[in-house]
Asker: 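The structure follows.
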There are 2 protein chains.
Amino acid sequence: MAIDISLAARPAGRPREFDIDEALDRAITVFSERGYHGTSISDLREAMGLTAGSLYKAFKDKHAIFLACFDRYKQVRNALLDEELAKASNGRDGVRRMLVFYAEGAHGDGGRRGCLAVGTAVELAIFDDEAARRVERSMDRFETTFETLIRRGQEDGSITRSIQPNATARLLLSVVQGLRVLGKTSPSREQTFSVVDVAMTLLD
Amino acid sequence: MAIDISLAARPAGRPREFDIDEALDRAITVFSERGYHGTSISDLREAMGLTAGSLYKAFKDKHAIFLACFDRYKQVRNALLDEELAKASNGRDGVRRMLVFYAEGAHGDGGRRGCLAVGTAVELAIFDDEAARRVERSMDRFETTFETLIRRGQEDGSITRSIQPNATARLLLSVVQGLRVLGKTSPSREQTFSVVDVAMTLLD
DNA sequence: CTTATTTGGAAACGATCATTCCCTAATTGG
DNA sequence: CCAATTAGGGAATGATCGTTTCCAAATAAG
């Protein structure tokens, strides 16, 4: 008796010939660089290597493509960050790793390309409730992670007890989002990482 | 003998019936909320109270309108900031006033509306050299102002000599740009100002 | 083998985009 | 008063937008 490897039975009909996540990864680049309104379906067709028909078979409309990109972007980035944080030896090291993780993304070509979450916040949050909810959830998650790491550091002795975990976490969140803005025009590695060093002095 | 009050002689032809700066101020609101690509000429017509013909008499094209908005936005904001900084009693007070100035703009309705400089950096900097140059000049100016205030504070004794003026200025710049990003989705006054308080502890 | 279902691909659609044109109105200079 | 110049207003333009439609191709179920 053969064992079905796939989790779900293949549905009736012609099977999709492209990988959704691969296509989304290419769309993420385009949306990050050009923004939502600056990206046309033609841009997406070209980047994803699909025809308009196939695009609209796989997604309801442009907005749905964008939201799927946002979700995939966050999923991938969060997984990478979690991997990095798993290596942290203590609270302070965790904060440092998180700041470095952001600084790596905010400088050079990646900095020029931009962060999809920051772009979404700036371009869409005010009139697009679904986008705003996603941005807010993303920011909350990072703020909470910073706060948890600070508390952990205060308990393991690597971070001074004289700072307020929630307010300091909020400031660190501001710093990393700001690095993304500055990275759009002056993404030098040196300047980006000097900000990380100064931010770390808050924990002394 | 009558004295001509105007600085320049009125040029031949029908005089313009609207005030350019007033029109730009309304356009600034629209561009801040909707972004460059999200704003149509129709949006601008409506907000500025002009017809397409008049718009294109006064400006070369949409891009020129946008750049004029950016320049006016910076001019107005810089004038307000300079006014605030003139009241500073010492270096530390100057830094505090500058942070508060930003925090006032980044929370509440103004935070939701957004900052035109941040919006331009995120949406346009990568492909629009003229916009990128303006953003960079704006950021440089603020970074330099922060640095000058820090040096002044170190000389007048209000700021510790143990911090590096340039790196700390860069961090403060990151913080205020980040506040603009966070202000798009969670613009509470309390959270915004708590970040200012934490940032000020860097100067101790 | 037939039917139902889904995708791929390309042409076609109406709407909206930024921009221009054309006519009238208002001003300066002669 | 006349010519030149510029602005106001609104219709018209061609291009591009996001989306739909239509048909052939590929699969599963019966």
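Throughout, protein chains are lettered first and strands after them, A, B, ... in sequence-line order, and every chain is numbered starting at 1.
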Asker: Does either side chain, that of S158(A) or that of R96(A), offer a donor lying less than 3.5 Å from an acceptor on the other one?
Answerer: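 Result is no, nothing qualifies.
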Asker: Which atom pairs, donor and acceptor, lie under 3.5 Å between side-chain atoms of residues 47-59 of chain A and protein residues at least two apart or in another chain?
Answerer:
residue, atom, partner, partner atom, Å
T51(A), OG1, S54(A), N, 3.4
T51(A), OG1, S54(A), OG, 3.3

Asker: Going by ring-ring contact (aromatic ring centres under 6.0 Å, His included), name the pairs with one or both residues in residues 169-188 of chain A, residues two or more places apart or in two chains.
Answerer: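 Listed once each, the pairs would be none.
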Asker: Return each pair, listed once, that meets ring-ring contact (aromatic ring centres under 6.0 Å, His included) where at least one residue sits in residues 122-143 of chain B; pairs must be two or more places apart or across chains.
Answerer: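 Listed by first then second residue: Y102(B)-F142(B).
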Asker: Taking CG from L50(B) and C1' from dT19(C), how many angstroms apart are they, rounded to a whole number?
Answerer: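 So the CG-C1' distance, L50(B) to dT19(C), works out to 16 Å.
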Asker: What is the distance, to the nearest angstrom, from the NE2 atom on H37(B) to the P atom on dT16(D)?
Answerer: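 After rounding, the gap between these two atoms is 15 Å.
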Asker: In whole angstrom, what separates R45(A)'s CZ from dC17(D)'s P?
Answerer: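 R45(A) atom CZ is separated from dC17(D) atom P by 10 Å.
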Asker: Starting at atom CZ of R16(A), determine the distance to atom P of dA28(D), rounded to an integer number of angstrom.
Answerer: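 The distance from CZ of R16(A) to P of dA28(D) comes to 15 Å, rounded to the nearest Å.
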Asker: Side-chain contact, heavy-atom cut-off 4.5 Å: L85(A) with L149(A)?
Answerer: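 Yes, close enough: below the 4.5 Å cut-off.
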Asker: Does a distance-only test, which skips hydrogens and angles, find a donor-acceptor pair under 3.5 Å between the side chain of R14(B) and the base of dT6(D)?
Answerer: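 Answer no: no donor N or O sits under 3.5 Å from an acceptor.
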Asker: Just say parallel, tilted or perpendicular for the rings of Y36(B) and H63(B), cut-offs at 30° and 60°.
Answerer: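 It falls in the perpendicular class, over 60°.
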Asker: What protein N or O atoms touch nucleotides 11-16 of chain C N or O atoms at under 3.5 angstrom, if any, and at what distances?
Answerer:
none

Asker: With distance as the sole criterion, is a donor-acceptor pair present between the side chains of R77(B) and S138(B) under 3.5 Å?
Answerer: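 Side chains of R77(B) and S138(B): no pair found under 3.5 Å.
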Asker: Can you tell me how far C1' of dC17(C) sits from CG of D43(B), to the nearest Å?
Answerer: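 Atom-to-atom, D43(B) to dC17(C), this comes out as 11 Å.
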Asker: Would you kindly give the CG-to-P distance between L44(B) and dA18(C), to the nearest whole Å?
Answerer: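 Rounded to the whole Å, the gap is 8 Å.
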Asker: Assess, by modelled atom type and distance only, whether the side chains of S42(B) and R45(B) contain a donor and an acceptor separated by less than 3.5 Å.
Answerer: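 Yes, side-chain donor-acceptor contact under 3.5 Å.
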Asker: Among residues 54-66 of chain B, which contact DNA chain C at a heavy-atom distance under 4.0 Å?
Answerer: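 Y56(B), D61(B), K62(B), in order of number.
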Asker: Expected output is a numbered-order residue list: members of residues 21-31 of chain B with a heavy atom under 4.0 Å from any atom of DNA chain C. What is it?
Answerer: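 Contacts with DNA chain C under 4.0 Å: none.
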Asker: Are any of the side-chain nitrogens in D204(A) or R92(A) under 4.0 Å away from the carboxylate oxygens of its partner?
Answerer: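 Yes, charged N to carboxylate O under 4.0 Å.
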Asker: Please name the pair of heavy atoms, one in L124(A) and one in A131(A), separated by the smallest distance, quoted to 0.1 Å.
Answerer: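 Smallest interatomic distance, heavy atoms only, reads CB-CB, 4.1 Å.
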Asker: Are side-chain N/O atoms of D197(B) and S194(B) paired as donor and acceptor at under 3.5 Å?
Answerer: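 The criterion, which ignores hydrogens and geometry beyond distance, is not satisfied for S194(B) and D197(B).
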